[in-house]
Enquirer: 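Attaching a single structure in structure tokens format; questions to follow.
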Amino acid sequence: MVREMKEVKKPIVILVPYPAQGHVTPMQNLGWAFAAQGFHPLIVLPRSIHRQLHGESSEEMRWVGLGDGVGQEESPDFFAMESAMEKSMGSELEGLIEKVRGEGDEVACVVVDLLASSAIEPAHRRGIPTAGFWPAMFATYLFIASIPLMLHRRLLSHTGLPQREGKFSLHPELPVISTEDLPWLVGTEAARKARFKFWKRTLERSSALKWLLVNSFPDESKLELANRKLSSEGCPRVLPIGPICRNGIRRSVSFWEEDLSCLKWLEKQKTKSVVYISFGSWVSPIGEAKVRNLAVALEASGRPFIWVLRSSWREGLPNGFLERVEKEERGRVVNWAPQKQILQHNSVACYITHCGWNSILEALQFEKKLVCYPVAGDQFVNCAFVVEVWRVGLKLNGVEAKDVEEGIARVIEDEEMDGRLKTLNQRIMAGNNNTGAFIFKTFLKDLKRASSTTAVTQDATQINIPCYSPNNKNVL
Ligand SMILES: O=c1ccn([C@@H]2O[C@H](COP(=O)(O)OP(=O)(O)O[C@H]3O[C@H](CO)[C@@H](O)[C@H](O)[C@H]3O)[C@@H](O)[C@H]2O)c(=O)[nH]1
């Protein structure tokens, strides 16, 4: 008699990124890391965002749109999207989990970007092991996680506004930043207060998590000691599994179509001659005057360039700029670029960046020096690491044409910076030093155990962090 073999299906991991490119890209990379370990990643996005994506679901990685109540014509800002997700995520995610189970599949884990924290509770309600994901730098998480401490020390008002002006550091291993550079201080006073409230709620919710996977390298700095001192019961274990961009170049799903024509142009340029400029996907336009200055500086520098400049940012360009650039073959101005391929190219000399964390990791991966112009959120802390801790770039103090021109020249000519960049690249990206991948595998072992027991293994590479609780009065 032939016994019928039961089909063994791969366990499914549901990944919930915040719906912005700088969050979707690292979540996608995390999805590939799960796929390599025998899981089926399924990435969910609000439907209004899902329908805009360029790229496709594949057998290996599926993308699903969940109802969000946002109309075809609307383009919600941060707060509108947050509110849409708060309203719909719970029931939509639970519905998806039930559907997957109804098809006979097992959901092994839900991974929730902390900026999409409304997904934590529904996943727990369905009894699924749930991990948090921090797509950015660990140090920036520490600034968020230290909110209770900053409140306790009266560094902040209860609405999150700094009570003193000036520079400060949370710990000797963290760079000094200005109180104005705290990650929630973006936009108007009302927006700052609303973001602060958002982060407090995020911290409250994340204290229910067992793990927090962080897209940072384990030895980003010696912060571990600081964290041990700050640890408290009931907080997620921080697992620095990054950088997860290092698994080669895969065509990633993106919010805009890449303009590949600039790669052909790049081929014709001299080694280490091109300046690449991009301000990522999520910052508001920097203003017409600054765009104009950047354009003047680029023309005056005489260097070839690729500039990612969406049409909504082009208002400030000097008369005839785009035509001159094209006619003289001086460079390319594109809506959206194949950034990793550009940074990988040996014609590129340096990268003028807003200091989004993914962009920094990609620059470190391909050894490109940085000219930093942070604009909002975590970018000031990221910039401080680039400039003061790793010393692989410099910060522009302004975007007057002279500042930019000098900044580019100084970075390109600084050979010591090249040496430091090489060493840093070896330390965090080299294949034989893949601590992040090792920690990820440790997490998977814990995940297996979590199905049968609630205990989480203690491990030398785990980092304890402070978590939000009104009673947590640990001080630095
Ligand atoms: O023309 C472009 C421009 C960007 N990218 C990619 O888009 C991503 C951009 O990510 P990031 O550099 O992190 O910038 P944002 O999209 O602005 O990211 C948001 O999310 C990050 C992670 O939380 C934060 O560090 C940033 O401050 C925040 O603005 C990177 O992978 C780039 O390779 C392209 O592929 N083509």
Side-chain angles (χ1 to χ4, degrees), residues 17-30 49 53-55 77-78 81 113-116 132-141 143-144 181-187 195 199 202 213-216 242-247 249-263 266 276-286 305-311 313 332-345 348 351-366 368 370 372-386:
Y18 180 80
Q21 184 73 54
H23 291 247
V24 168
T25 300
M27 194 61 108
Q28 187 175 216
N29 290 333
L30 182 60
I49 301 290
L53 291 183
H54 293 265
D77 65 4
F78 176 81
M81 182 47 79
D113 186 328
L114 287 197
L115 271 81
F133 180 54
W134 184 252
M137 188 182 207
F138 178 46
T140 54
Y141 180 74
F143 279 95
I144 302 288
D181 295 343
L182 286 164
W184 52 88
L185 298 178
V186 181
R195 278 178 197 265
W199 283 118
T202 301
L213 309 177
V214 179
N215 186 18
S216 248
I244 47 177
C245 63
R246 81 169 115 198
N247 311 326
I249 295 189
R250 290 176 187 263
R251 273 195 72 89
S252 54
V253 164
S254 67
F255 287 44
W256 300 275
E257 195 161 2
E258 291 172 345
D259 184 336
L260 298 174
S261 67
C262 55
L263 292 174
L266 198 53
Y276 173 62
I277 315 173
S278 164
F279 288 87
S281 68
W282 209 15
V283 293
S284 330
I286 55 174
F305 60 87
I306 295 177
W307 189 359
V308 180
L309 194 66
R310 280 192 294 286
S311 40
W313 287 47
R332 288 287 181 268
V333 180
V334 297
N335 262 314
W336 190 249
Q339 177 162 308
K340 285 187 87 169
Q341 280 161 280
I342 289 174
L343 288 176
Q344 188 184 217
H345 206 283
V348 175
Y351 174 17
I352 303 183
T353 176
H354 69 316
C355 295
W357 182 236
N358 298 291
S359 290
I360 289 182
L361 285 180
E362 291 159 13
L364 299 183
Q365 180 178 16
F366 300 117
K368 296 299 183 262
L370 295 155
C372 303
Y373 190 69
V375 179
D378 61 341
Q379 295 153 17
F380 295 94
V381 177
N382 298 341
C383 170
F385 269 86
V386 169

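Indexing begins at 1, ligand by ligand and atom by atom, following the structure's order. In this chain, numbering begins with 1 at the start of the sequence shown.
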Enquirer: Ignoring hydrogens and geometry, is there a side-chain-to-backbone donor-acceptor pair from N358 to G22 under 3.5 Å?
Expert: yes

Enquirer: With atom 5 (N) of ligand 1 as the reference point, say which of W336, W307, W357, Y276 has the nearest heavy atom.
Expert: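 The option holding the nearest heavy atom is W336.
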
Enquirer: Within the structure provided, determine whether Q365 and K340 are in side-chain contact (heavy-atom separation under 4.5 Å).
Expert: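 Yes - at least one pair of side-chain heavy atoms lies under 4.5 Å apart.
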
Enquirer: Between K368 (side chain) and H345 (backbone), is there a donor-acceptor pair under 3.5 Å?
Expert: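 Yes: the side chain of K368 pairs with the backbone of H345.
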
Enquirer: Do me a favour and list the nearest non-hydrogen protein atom to atom 29 (O) of ligand 1 with residue, atom name and distance?
Expert: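 Nearest neighbour among protein heavy atoms for atom 29 (O) of ligand 1, to 0.1 Å: Q379 NE2, 3.2 Å.
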
Enquirer: Provide, to 0.1 Å, the distance between atom 35 (O) of ligand 1 and the closest protein heavy atom, together with that atom's residue and name.
Expert: A337 O, 3.4 Å

Enquirer: How close does the nearest protein non-hydrogen atom get to atom 19 (C) of ligand 1, and which residue and atom is it?
Expert: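 For atom 19 (C) of ligand 1, the nearest protein heavy atom is W282 CE3, 3.5 Å.
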
Enquirer: Parallel, tilted or perpendicular: which fits the ring planes of Y141 and W134, with parallel below 30° and perpendicular above 60°?
Expert: perpendicular

Enquirer: Mind checking whether P135 has a heavy atom under 4.0 Å from ligand 1?
Expert: yes

Enquirer: How close does the nearest protein non-hydrogen atom get to atom 16 (O) of ligand 1, and which residue and atom is it?
Expert: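 Its nearest protein heavy-atom neighbour is S281 OG, 2.4 Å.
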
Enquirer: Should one rank G22, G356, P26 by closest heavy-atom distance to atom 22 (C) of ligand 1, which comes out on top?
Expert: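 Of the listed residues, G22 has the closest heavy atom.
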
Enquirer: Below 4.0 Å from any atom of ligand 1, is there a heavy atom belonging to H354?
Expert: yes

Enquirer: Does N335 reach ligand 1 with a nitrogen or oxygen that is under 3.5 Å from one of the ligand's nitrogen or oxygen atoms?
Expert: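 Min N/O separation from ligand 1 is not below 3.5 Å for N335.
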
Enquirer: Closer than 4.0 Å to some heavy atom of Q21 - which atoms of ligand 1 meet that?
Expert: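 That gives atoms 7 (O) of ligand 1.
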
Enquirer: Report the residues that fulfil salt bridge (Lys or Arg N to Asp or Glu O under 4.0 Å) with R195, sequence neighbours left out, ordered by chain and then residue number.
Expert: none

Enquirer: Looking only at distances, can you tell me whether any N or O atom of H23, backbone or side chain, sits closer than 3.5 Å to an N or O atom of ligand 1?
Expert: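 N/O-N/O distance below 3.5 Å exists for this pair.
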
Enquirer: At what distance is the nearest protein heavy atom to atom 12 (O) of ligand 1, and which residue and atom is it?
Expert: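 Residue, atom and distance for the closest contact: S359 OG, 2.5 Å.
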
Enquirer: Is there a side-chain contact between H54 and W336, using heavy atoms and a 4.5 Å cut-off?
Expert: no

Enquirer: Does any non-hydrogen side-chain atom of F279 lie less than 4.5 Å from one of I286?
Expert: yes

Enquirer: Out of E362, R310, Q28, M137, who is nearest to atom 31 (O) of ligand 1 when you count heavy atoms only?
Expert: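 Minimum heavy-atom distance to atom 31 (O) of ligand 1 goes to E362.
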
Enquirer: Quick check against the 3.5 Å criterion: does D259 have a side-chain atom that pairs as donor or acceptor with the backbone of N335?
Expert: no

Enquirer: Give a yes or no on whether the backbone of I244 and the side-chain of N215 come within a donor-acceptor separation of less than 3.5 Å.
Expert: yes

Enquirer: Going by the atom numbers of ligand 1, which of them fall below 4.0 Å from some non-hydrogen atom of D378?
Expert: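 Within the 4.0 Å cut-off of D378, ligand 1 contributes 24 (C), 25 (O), 26 (C), 27 (O).
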
Enquirer: Could you check Q28, H23, Q21 and say which one makes a side-chain hydrogen bond (donor to acceptor under 3.5 Å, both in side chains) with T25?
Expert: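 For T25, the side-chain hydrogen bond (donor to acceptor under 3.5 Å, both in side chains) test succeeds with only one of Q28, H23, Q21, which is Q21.
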
Enquirer: Has ligand 1 got any nitrogen or oxygen that is less than 3.5 angstrom from a nitrogen or oxygen of S278?
Expert: no

Enquirer: Using the benzene-type ring in the case of Trp, are the ring centres of F138 and F385 under 6.0 Å apart?
Expert: no

Enquirer: Who gets closest to atom 10 (O) of ligand 1 by heavy atom: D113, N358, I306, T25?
Expert: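 Considering heavy atoms of D113, N358, I306, T25, the nearest to atom 10 (O) of ligand 1 sits in N358.
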
Enquirer: K340 versus ligand 1: do any nitrogen or oxygen atoms come within less than 3.5 Å of each other?
Expert: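 K340 vs ligand 1: no N/O contact under 3.5 Å.
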
